[in-house]
Chemist: 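One structure, as structure tokens, below. Some questions next.
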Amino acid sequence: MTHFLKWYNRILNAHPWKTQLLTTGFLMGSSDLIAQTAIERKEVKQIEPLRIGRFAFLGTCFVAPVLRTWYNILEKTITTVGKTVGLRKMLLDQMFFSPCFLGCLLSVSGLLQLQPWPVIKAKINEDYFKVLKTNYMLWPAAQLITFYVIPLQYRLIFVSSVALLWNTYLASQANKDYSAPTEKDI
């Protein structure tokens, strides 16, 4: 494990942006695989590779860039040091960023599934507050650790690792009652 961490650290230092994007995409794809096998109890032949790819794409092209940008904004905005810095970052994150981010995530996920807007909107109306409530059970504590303990360059990988379970939940919610669009829907 130590060898892997040294290797990852070398790659992260050499190519921080690419490494963070690909790591987040890989972990989100893994989350969807876990959601399909552990939560939805699909057998190997029933696993949907396209769905895994869609969730990995979501992580690489949406989640990682947005989170990386957000963490950099927080770092530049709250520059003071002291005992309350991590708490203030967590409160900003959970009060303002998370509610908006979750709505956007559910919307982008629906768009990647080629769902028509009325279906996406109905799904958001049905699931948003449930997902937000579940978010508040996990993320305030995880973000306190993130902002107090984890150096900036490792925050995205730390959060992505914690998010392995969270994204498994999100993948099951984002794909709940999903069926491929028909010609009529498009």
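Sequential numbering from 1 along the given sequence is applied to the chain's residues.
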Chemist: Using side-chain heavy atoms (C-beta onward) and a distance below 4.5 Å, is Lys42 in contact with Thr37?
Modeler: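 Side chain of Lys42 against side chain of Thr37, heavy atoms only: no contact under 4.5 Å found.
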
Chemist: Would you mind reporting whether Phe97 and Leu67 have side-chain heavy atoms less than 4.5 Å apart?
Modeler: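 Yes - at least one pair of side-chain heavy atoms lies under 4.5 Å apart.
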
Chemist: How long is the gap from CD1 on Ile145 to CE on Met90, to the nearest 0.5 Å?
Modeler: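 One gets 11.5 Å once the value is rounded to the nearest 0.5 Å.
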
Chemist: Could you grab the distance from atom CG of Asn125 to atom CD1 of Ile120, nearest 0.5 Å is fine?
Modeler: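 Interatomic distance, Asn125 CG to Ile120 CD1, rounded to 0.5 Å: 12.0 Å.
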
Chemist: Atom CD in Gln46, atom CD in Glu48: separation rounded to 0.5 Å?
Modeler: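 The CD atom of Glu48 is 9.5 Å from CD of Gln46, to the nearest 0.5 Å.
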
Chemist: Just by distance, do the side chain of Asn135 and the backbone of Val131 share a donor-acceptor pair under 3.5 Å?
Modeler: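 Looks like no, no N/O pair under 3.5 Å.
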
Chemist: Just do the side-chain contact (heavy atoms from CB on, under 4.5 Å) check on Asn72 and Leu152 with the steps written out, would you?
Modeler: CA-CA 8 Å; Asn72 285 329; Leu152 180 61; 3.6 Å; yes

Chemist: Could you check whether any side-chain heavy atom of Leu165 comes within less than 4.5 Å of a side-chain heavy atom of Leu138, counting everything from C-beta outward?
Modeler: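 A side-chain contact is absent here, since even the closest heavy-atom pair is not under 4.5 Å.
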
Chemist: Look at atom OH of Tyr8 and say whether more than 12 heavy atoms of other residues, nucleotides or ligands are closer to it than 6.0 Å.
Modeler: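 Yes, OH of Tyr8 has more than 12 neighbouring heavy atoms, counting only those of other groups under 6.0 Å.
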
Chemist: Between Arg51 and Glu40, is there a side-chain N and carboxylate O pair less than 4.0 Å apart?
Modeler: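 Salt bridge present between Arg51 and Glu40.
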
Chemist: Mind checking the CZ-OG spacing from Phe55 to Ser30? Nearest 0.5 Å is all I need.
Modeler: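 It is 11.0 Å, given to the nearest 0.5 Å.
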
Chemist: Are Lys6 and Asn9 packed together at the side-chain level, in the sense that at least one heavy-atom pair is separated by less than 4.5 angstrom?
Modeler: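 Not in contact.
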
Chemist: Are the side chain of Ser109 and the backbone N or O of Leu105 linked by a donor-acceptor pair below 3.5 Å?
Modeler: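 No, because the side chain of Ser109 does not come within donor-acceptor range (under 3.5 Å) of the backbone of Leu105.
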
Chemist: Would you call Arg68 and Trp17 a side-chain contact if the rule is heavy atoms closer than 4.5 Å?
Modeler: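 Yes, side chains in contact.
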
Chemist: In Å and rounded to the nearest 0.5 Å, what is the CG to CG distance from Asn167 to Leu27?
Modeler: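 That separation rounds to 8.0 Å.
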
Chemist: Show your reasoning for whether side-chain contact (heavy atoms from CB on, under 4.5 Å) applies to Thr60 and Met28.
Modeler: CA-CA 8 Å; Thr60 302; Met28 285 191 67; over 6 Å; no

Chemist: With the threshold set at 4.0 Å, does a side-chain nitrogen-carboxylate oxygen contact exist between Glu75 and Arg155?
Modeler: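 Here Glu75 pairs with Arg155 in a salt bridge, since their nearest N and O are under 4.0 Å apart.
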
Chemist: Given 3.5 Å as the limit, does a donor-acceptor pair link the side chain of Tyr169 with the main chain of Thr134, or not?
Modeler: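 No; zero donor-acceptor contacts below 3.5 Å.
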
Chemist: Can we call the ring centroids of Phe62 and Phe101 under 6.0 Å apart?
Modeler: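 Phe62 vs Phe101: aromatic centres under 6.0 Å.
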
Chemist: Apply side-chain contact (heavy atoms from CB on, under 4.5 Å) to residues Leu74 and Trp70 and explain how you reach the verdict.
Modeler: CA-CA 6 Å; Leu74 279 177; Trp70 173 241; 3.4 Å; yes

Chemist: Could you check whether atom OH of Tyr136 has more than 12 heavy atoms from other residues, nucleotides or ligands sitting under 6.0 Å from it?
Modeler: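 More than 12 within 6.0 Å, yes.
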
Chemist: Could you tell me how the ring of Phe147 sits relative to the ring of Tyr71: parallel (under 30°), tilted (30 to 60°) or perpendicular (over 60°)?
Modeler: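 The rings of Phe147 and Tyr71 stand perpendicular, inter-plane angle above 60°.
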
Chemist: Is any side-chain heavy atom of Lys123 closer than 4.5 Å to a side-chain heavy atom of Leu106?
Modeler: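 Counting from C-beta outward, Lys123 and Leu106 never come under 4.5 Å.
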
Chemist: Atom CD1 of Ile73 and atom NZ of Lys76: how far apart are they, to the nearest 0.5 Å?
Modeler: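 So the gap between those two atoms works out to 8.5 Å.
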
Chemist: Is there side-chain contact between Lys18 and Ile11, with at least one heavy-atom pair below 4.5 Å?
Modeler: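 Of all side-chain heavy-atom pairs linking Ile11 with Lys18, none is under 4.5 Å.
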
Chemist: Determine the minimum heavy-atom distance between Thr168 and Ile34, stating which atoms define it.
Modeler: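 In terms of heavy atoms, the two residues are closest at CG2-CG2, 3.7 Å.
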
Chemist: Could you check if a side-chain atom of Leu12 sits within less than 4.5 angstrom of a side-chain atom of Gln20, using non-hydrogen atoms only?
Modeler: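 Yes. Closest side-chain heavy atoms under 4.5 Å.
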
Chemist: Main chain of Ile157, side chain of Thr23: is a donor-acceptor contact present, judged purely on distance under 3.5 Å?
Modeler: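 Absent.
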
Chemist: Just checking, any donor-acceptor pair under 3.5 angstrom between side chains of Trp139 and Asp93?
Modeler: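 Looking only at side-chain atoms, Asp93 and Trp139 do not form any donor-acceptor pair under 3.5 Å.
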
Chemist: Does Tyr148 OH have over 12 foreign heavy atoms under 6.0 Å away?
Modeler: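 Yes, because the 6.0 Å sphere around OH of Tyr148 holds more than 12 heavy atoms from other groups.
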
